Structures are given as C-alpha cells and as structure tokens.
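Worksheet: the structure to be examined is printed underneath.
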Amino acid sequence: QHSHHRLPCKGGIRYAGEVDLQEVEALAALMTYKCSVVDVPFGGAKGGVAVDPRKYSAHELELITRRYAMELKKYGFIGPGVDVPAPDMGTGPREMSWIKD
C-alpha cells in the first residue's frame with residue numbers, strides 16, 4: 001500500500017516471474033496518483049507474487065493465492081475498509097474469487 005490518506009486502498013495483484021518490491025512500490029504510487037487525478041476516493045496499492053502462473057497448475061495457484069490472502073489478512077493489509085484488490089497481470093476473476101473466500 002502506498003497511501004493510507006484515503007481508504008480503502010485500491011490496486012491490482014500481479015503474478016509474474018520477474019515482479020519485485022521496487023516494481024510493486026512504483027505501481028502502487030502510480031495507482032495513488034491515478035485515483036487522485038480522477039478524484040476517486042481510494043488510496044493506491046499494488047500486490048505482487050513472483051511466480052509465473054503458466055508454470056503452475058490451477059490447484060497450486062489456488063494454494064498460492066489463498067496463502068497470499070491469509071498473509072495479507074494476518075497483517076491487516078486486506079479487507080473491505082482497508083484494501084480492495086483487483087486483478088492485474090497474471091491474475092483474473094478466478095484468483096479474486098479465491099481471495100474473497
């Protein structure tokens with residue numbers, strides 16, 4: 001999460017083999033600015049998991065996604081009033097439904 005000045009934060013979750021902290025931080029900052037410019041009442045966020053989703057089965061991706069969501073929840077980084085996750089590169093409605101569970 002980049003900005004907590006407006007809650008909840010909004011941003012996508014990216015699964016890509018080469019994603020790293022620096023990229024995720026930059027994308028979260030851009031989401032903050034994007035929301036601000038169009039006057040959307042959200043802070044900016046972005047998440048990333050360094051996996052190539054093409055190399056994992058659906059079952060393995062489900063386990064990865066559910067574990068990722070549990071870690072976010074454990075530290076208070078996800079929830080209706082905190083962060084609104086969205087699909088990004090390598091994720092889609094399937095991953096979002098696993099997170100929602």
Side-chain angles (χ1 to χ4, degrees):
Q1 296 172 344
H2 174 258
S3 172
H4 297 274
H5 293 17
R6 294 181 128 181
L7 289 177
C9 294
K10 175 189 180 320
I13 297 174
R14 175 172 292 204
Y15 284 6
E18 301 298 318
V19 71
D20 61 23
L21 181 60
Q22 191 173 20
E23 176 182 7
V24 170
E25 288 175 339
L27 291 168
L30 288 172
M31 184 57 72
T32 296
Y33 306 138
K34 186 162 59 169
C35 289
S36 179
V37 165
V38 297
D39 200 29
V40 175
F42 296 114
K46 183 64 89 173
V49 179
V51 297
D52 182 346
R54 296 169 296 184
K55 295 181 179 178
Y56 292 87
S57 69
H59 177 69
E60 290 170 321
L61 287 171
E62 181 177 1
L63 293 175
I64 291 166
T65 302
R66 290 184 184 279
R67 177 58 186 258
Y68 178 68
M70 291 302 296
E71 291 297 316
L72 290 175
K73 181 70 175 163
K74 182 167 60 173
Y75 294 102
F77 292 133
I78 195 167
V82 179
D83 193 301
V84 180
D88 192 63
M89 190 170 82
T91 61
R94 177 181 67 178
E95 289 77 16
M96 297 303 107
S97 70
W98 291 331
I99 290 170
K100 183 178 116 341
D101 288 347

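Values below: every heavy atom of this structure, side chains too, minus hydrogens, waters and symmetry copies. Fair warning: this is a prediction, and the values are worked out from it, not measured in the lab.
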If Ile, Leu, Val, Met, Phe, Trp and Tyr residues are connected whenever their side-chain heavy atoms lie under 4.5 Å apart, and connections chain through other members, are [X] and [Y] in the same group?
X	Y	value
Val84	Val24	no
Leu27	Leu21	no
Val51	Leu72	yes
Met96	Tyr56	yes

Hey, what do you get for [atom1] ([X]) to [atom2] ([Y]), rounding to the nearest 0.5 Å?
X	Y	atom1	atom2	result
Ile78	Lys100	CD1	NZ	12.5 Å
Tyr33	Met31	OH	CE	13.0 Å
Ile13	Lys46	CD1	NZ	9.5 Å

Taking all non-hydrogen atoms of both residues, which atom of [X] and which atom of [Y] are closest, and how far apart?
X	Y	result
Pro85	Ile99	CG-CG2, 4.3 Å
Val49	Ile64	CG1-CG2, 4.2 Å
Arg94	Ala58	NH1-CB, 3.8 Å
Ala50	Gly17	CB-O, 4.1 Å
Pro87	Gly92	CB-CA, 3.7 Å
Asp83	Ala45	OD2-CB, 3.4 Å

Please check this pair: side chain of Glu71 against backbone of Tyr68, looking for a donor-acceptor N/O pair closer than 3.5 Å.
no
Short question: side chain of Glu60, backbone of Ser57 - any donor-acceptor pair under 3.5 Å?
yes
Would you find more than 12 non-hydrogen atoms of other residues, nucleotides or ligands less than 6.0 Å from Met89 atom CE?
yes
Under a 4.0 Å threshold between the charged nitrogen and the carboxylate oxygen, would Arg14 count as salt-bridged to Glu23?
yes
Across all chains, not counting sequence neighbours, the salt bridge (charged side-chain N to carboxylate O under 4.0 Å, His left out) partners of Arg66 are Glu62, Asp101
Picking from Thr65, Asp88, Asp52, what satisfies side chain to side chain donor-acceptor pair (under 3.5 Å) with Tyr15?
Thr65
Under a 4.5 Å cut-off applied to non-hydrogen side-chain atoms, are Pro8 and Phe42 in contact?
yes
